[in-house]
Amino acid sequence: MPEGPSIVILREELAPFTGRTIRHAEGNARIDMDRLVGQPVVAVRSFGKQTLIELPDVTIRIHLLMFGSYRIDERKENIPRLSLRFDAGELNFYSCSVRLLEGELDGLYDWRTDVMSDAWDPALARKRLRAMPETLACDALLDQDVFAGVGNIIKNEVLFRIRTHPLSTIGALPARKLRELVEQARQYSFEFLAWKRAFVLRKHWLAHNRSICPRDQVKFHRAYLGRTNRRSFFCELCQRRYVEG
């Protein structure tokens, strides 16, 4: 599943279509395609893992889910979920979720929770975390109401970076460690973006999809953990497990 930094890159790639008018819309998404025809693209925005193509009276929301993909000015052989054609160029989205949103986006989204947004509010993130003391750290980082845009790669790397076990509970984290978790969720996301742009992201993974801890030279544990049941890579030696009592 593409994480927030990858969606920022997608948003930037779609930006040149701003101002262009949709001449044809088709695909197997269950939306009113006719409603899109003749509408100009007002803006392309992103929120967390969502891409938002804003039109004058409706917004196209695209979520790439686990296996979604897109093509700009080219097509794949399979049927797109949504295909938008303009006088110059076309956009094609595959194996994704497509919805139409009504109303102003500022009324639908709290941009303060998007780790990639200029409006990101770390104090709000800490407040929401403190309200979920029993939540596991591995689940908290994937909570899109707290860290919109954070996915499994960022989760694993942040927990390794701050030396915190994924099965730690949020309420047991010292104040300093809670602050580190929030700070690194954003900082690592921007490093992720820079490495992704340079096509070197995987070279910088220290924990995710790795076998050996680079600190202790012991095998990483691999397990599907928490309510989210996403795969975690962690070291039992250098990542401390914080629990109540």
Side-chain angles (χ1 to χ4, degrees), residues 1 3-8 46-50 109-196 201 204-210 213-218 220-245:
M1 177 185 296
E3 305 188 24
S6 296
I7 300 305
V8 168
S46 63
F47 177 82
K49 301 175 183 180
Q50 305 172 43
Y109 291 99
D110 186 347
W111 307 100
R112 299 175 299 168
T113 63
D114 183 348
V115 294
M116 304 302 298
S117 172
D118 291 340
W120 163 253
D121 186 347
L124 176 62
R126 293 193 298 270
K127 179 181 178 181
R128 292 188 174 181
L129 288 173
R130 287 193 291 267
M132 53 175 73
E134 301 301 318
T135 302
L136 298 176
C138 60
D139 289 331
L141 277 165
L142 295 178
D143 190 327
Q144 299 301 293
D145 290 330
V146 182
F147 299 108
V150 168
N152 211 43
I153 296 172
I154 297 172
K155 176 205 77 178
N156 285 321
E157 293 295 321
V158 166
L159 289 175
F160 181 73
R161 180 175 283 190
I162 68 172
R163 298 172 179 258
T164 298
H165 195 288
L167 292 179
S168 299
T169 56
I170 292 298
L173 294 181
R176 173 183 57 82
K177 193 60 65 172
L178 184 72
R179 184 176 294 275
E180 283 183 4
L181 186 146
V182 172
E183 289 175 350
Q184 289 301 319
R186 179 167 170 87
Q187 181 173 323
Y188 188 86
S189 294
F190 276 90
E191 292 176 9
F192 181 125
L193 176 61
W195 294 329
K196 183 81 172 178
L201 175 62
H204 290 273
W205 288 350
L206 297 179
H208 185 76
N209 215 26
R210 299 305 191 196
C213 173
R215 292 193 192 110
D216 302 300
Q217 299 304 310
V218 298
F220 272 124
H221 286 257
R222 301 184 181 198
Y224 290 87
L225 301 177
R227 173 181 50 80
T228 49
N229 197 36
R230 297 297 303 280
R231 191 165 59 160
S232 291
F233 299 81
F234 56 98
C235 176
E236 291 283 9
L237 292 182
C238 64
Q239 289 180 252
R240 180 176 174 181
R241 184 172 177 178
Y242 296 90
V243 293
E244 297 288 356

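- Side-chain atoms of Q184 do not come within 3.5 Å of backbone N or O of I162 as any donor-acceptor pair.
- In this pair, Y109 and W111 present their aromatic rings tilted. The plane angle is within the 30 to 60° band.
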side-chain contact (heavy atoms from CB on, under 4.5 Å) assessment of L124 paired with T113: CA-CA 8 Å; L124 176 62; T113 63; 4.0 Å; yes
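- Proximity of a side-chain donor or acceptor of S168 to a complementary backbone N or O of T164 within less than 3.5 Å is not detected.
- No close placement of the F233 and W205 rings is indicated, their centers lying 6.0 Å or farther apart.
- Shown here is R240, whose CZ atom has no more than 12 heavy atoms of other residues, nucleotides or ligands within 6.0 Å.
- Ring centroid separation for the pair Y242 and H165 does not come in under the 6.0 Å cut-off.
- I154 contributes atom CD1, which lies 9.5 Å from atom CG of L142 (distance to the nearest 0.5 angstrom).
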Test log, rule salt bridge (Lys or Arg N to Asp or Glu O under 4.0 Å), inputs R128 and D110: CA-CA 13 Å; R128 292 188 174 181; D110 186 347; 3.6 Å; yes
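- For the pair D139 (side chain) and R227 (backbone), a donor-acceptor distance under 3.5 Å is present.
- Contact record, L181 with L159: CD1-CD2, 4.3 Å, taken as the closest heavy-atom pair.
- Formation of a donor-acceptor pair under 3.5 Å by the E3 side chain with backbone atoms of I153 is found in this model.
- With contacts defined as side-chain heavy-atom distances shorter than 4.5 Å, the pair F192/L201 qualifies.
- Judged by distance alone, with hydrogens and angles left aside, the side-chain atoms of D114 form a donor-acceptor pair with the main-chain N or O of G48 at under 3.5 Å.
- In terms of heavy-atom proximity, L206 sits nearest to P214 at O-CD, 3.6 Å.
- Among the candidates L173, L178, T135, L141, the single residue satisfying the side chain to side chain contact (heavy atoms under 4.5 Å, CB included) test with L129 is L178.
- The nearest pair of heavy atoms linking V150 to S189 is CG2-OG, 4.4 Å.
- Remark: R161 does not engage E157 in a salt bridge, criterion side-chain N to carboxylate O under 4.0 Å.
- With a 4.5 Å cut-off on side-chain heavy atoms, V8 and F190 do not count as touching.
- Across all their heavy atoms, A125 and V182 have their closest contact at CB-CG1, 4.0 Å.
- In this structure, CD1 in I170 is found 12.0 Å from NZ in K177, a value given to the nearest 0.5 Å.
- Annotation for P5 and G149: closest pair CD-O, 4.3 Å, computed over non-hydrogen atoms.
- Using the six-membered ring where Trp is involved, F220 and F160 have ring planes that are perpendicular, over 60° apart on the 30 and 60° scheme.
- Remark: side-chain polar atoms of R186 are paired, donor with acceptor, to backbone N or O of S117 under 3.5 angstrom.
- Atom CG of N152 is separated from atom OG1 of T228 by 7.5 Å, given to the nearest 0.5 angstrom.
- Scanning all heavy atoms of the two residues, the minimum distance from C235 to D216 falls at SG-OD2, 3.4 Å.
- A donor and an acceptor atom, one from each side chain of K155 and S232, are located under 3.5 Å apart.
- Side-chain atoms of E180 and R163, non-hydrogen and from C-beta on, never get closer than 4.5 Å to each other.
- For the pair R126 (side chain) and R179 (backbone), a donor-acceptor distance under 3.5 Å is absent.
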Worked verdict on F234 versus N156 for side-chain contact (heavy atoms from CB on, under 4.5 Å): CA-CA 7 Å; F234 56 98; N156 285 321; over 6 Å; no
side-chain contact (heavy atoms from CB on, under 4.5 Å) between Q50 and I7, worked out: CA-CA 7 Å; Q50 305 172 43; I7 300 305; over 6 Å; no
Residues R222, R231; criterion side-chain contact (heavy atoms from CB on, under 4.5 Å); working and verdict: CA-CA 7 Å; R222 301 184 181 198; R231 191 165 59 160; 4.2 Å; yes
